[in-house]
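Report on the following structure.
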Amino acid sequence: TVAESVLNLACVGARPLAVVNCLNFGNPEHPEVMWQLSESIDGMAEACEAFGIPVIGGNVSLYNESRGANIDPTPVVGLLGMVDSLERRPPGVRVVEGGRLVLLGEPSSALAGSRWAFSKGYRGGMLAELDTDAHLRLADLVRALVAGDVVQGAHDVGNGGLGLALAEMAVRSGVGVNVARIADHTELFSEAPSRVVVCVDPEQLTVVENAAEAAGVTATRLGVAMGDRIAVKGLLDVGLADASAAWRDRLPDALGAGTTQG
């Protein structure tokens, strides 16, 4: 959670300054919940030490249950960042027609802990390991690319994996994506850390790949932003209009017409 927040800031050209948190857990009188709380605190401390980020505040909410069952551990992190020289608006979560899509960071097929696994009823397995040194190199690279106005869009890979990251970039831009370099559903939905998708002008593609090589970060060409579909060769082909409607209308449809404005 801390690591993903670091990448959220990097994608807008900001460096991390400080952390606040809210640790929401079940009944700590149950040994498994006390273990969850203890491990989460230790993990947060390790991440903050590795990234050089102080924890300046927070709170704990315990004894949270639903119908007599402990809630899943839900640590919430707020990470404060700073853009040292805000000369232009960051590119944001978007793609540009004709832009090349590049994955920065190692491809992964680890599904443990992912939304895909949860939806299929799989609650076990070990989370993909976080390499804090590699994560910092990636964050520094992305921050420099954004600050240098080298990329047209940037989005970290988190909840929903690479598939959702690409879909969000397409939906927010009104431009489809055509991807050919994802092997199977495990790579599409893995939520392994330390990965960012960038959209790059073809003329800047070599610049980005050279910068990634110098930083020791893997760069993988995925495809191109184009058309009116979200397509991943052999895996997925969804109309952009359908995806946009699902993204825009799901909450209003669930809550009723009163959530929208005329």
Exceeds 12 heavy-atom contacts within 6.0 angstrom, atom [atom1] of [X]:
| X | atom1 | answer |
| --- | --- | --- |
| R137 | CZ | yes |
| F118 | CZ | no |
| R250 | CZ | no |

Tell me if a side-chain donor or acceptor on [X] pairs with a main-chain N or O of [Y] at a distance below 3.5 Å.
| X | Y | result |
| --- | --- | --- |
| S244 | L240 | yes |
| R172 | R94 | no |
| S108 | A110 | yes |
| E187 | I182 | no |
| N24 | T74 | yes |
| S114 | A117 | yes |

Atom pair [atom1]/[atom2] of [X] and [Y] - distance to nearest 0.5 Å:
| X | Y | atom1 | atom2 | answer |
| --- | --- | --- | --- | --- |
| M34 | L62 | CE | CG | 8.0 Å |
| E106 | T220 | CD | OG1 | 7.5 Å |
| E4 | L9 | CD | CG | 11.0 Å |
| Q36 | I71 | CD | CD1 | 9.0 Å |
| E32 | L37 | CD | CG | 12.5 Å |
| R100 | Q152 | CZ | CD | 10.0 Å |

With sequence neighbours excluded, give me every salt bridge (Lys or Arg N to Asp or Glu O under 4.0 Å) pair touching residues 198-219. E209-R221
W116 and F189 aromatic ring geometry - parallel, tilted or perpendicular at 30°/60° bounds: parallel
I'd like to know if [Y] and [X] are part of one continuous hydrophobic network [Ile/Leu/Val/Met/Phe/Trp/Tyr, side-chain heavy atoms within less than 4.5 Å].
| X | Y | result |
| --- | --- | --- |
| L136 | V55 | yes |
| V171 | V93 | yes |
| L222 | L141 | no |
| V77 | L80 | no |
| L86 | V146 | no |

Out of D242, N178, D237, which one pairs with R229 under the side-chain hydrogen bond (donor to acceptor under 3.5 Å, both in side chains) rule? D237
Between [X] and [Y], which heavy-atom pair has the shortest distance, and what is it?
| X | Y | answer |
| --- | --- | --- |
| V96 | A225 | O-CB, 3.4 Å |
| A139 | A10 | O-CB, 3.5 Å |
| A112 | M126 | CB-O, 3.2 Å |
| V177 | A170 | CG1-CB, 4.2 Å |

Under the side chain to side chain contact (heavy atoms under 4.5 Å, CB included) test against L138, which residue among T218, D133, D156, L7 passes? L7
Identified side chain to side chain contact (heavy atoms under 4.5 Å, CB included) partner of L162 from the options V179, V232, V157: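 Filter result, single survivor: V157.
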Do [X] and [Y] touch side chain to side chain, with heavy atoms closer than 4.5 Å?
| X | Y | value |
| --- | --- | --- |
| L17 | I53 | no |
| H155 | V196 | no |
| F25 | S61 | no |
| V224 | L101 | no |
| V238 | L236 | yes |
| L104 | L145 | yes |
| L103 | R195 | yes |
| L111 | H185 | yes |

Do N70 and N64 have side-chain atoms, one donor and one acceptor, less than 3.5 Å apart? no
Apply salt bridge (Lys or Arg N to Asp or Glu O under 4.0 Å) to D72 and R123, showing your working. CA-CA 11 Å; D72 289 328; R123 303 292 297 271; 3.1 Å; yes
For S194 and D131: C-alpha separation, side-chain torsions, deciding distance, then whether side-chain contact (heavy atoms from CB on, under 4.5 Å) applies. CA-CA 8 Å; S194 310; D131 182 333; 5.8 Å; no
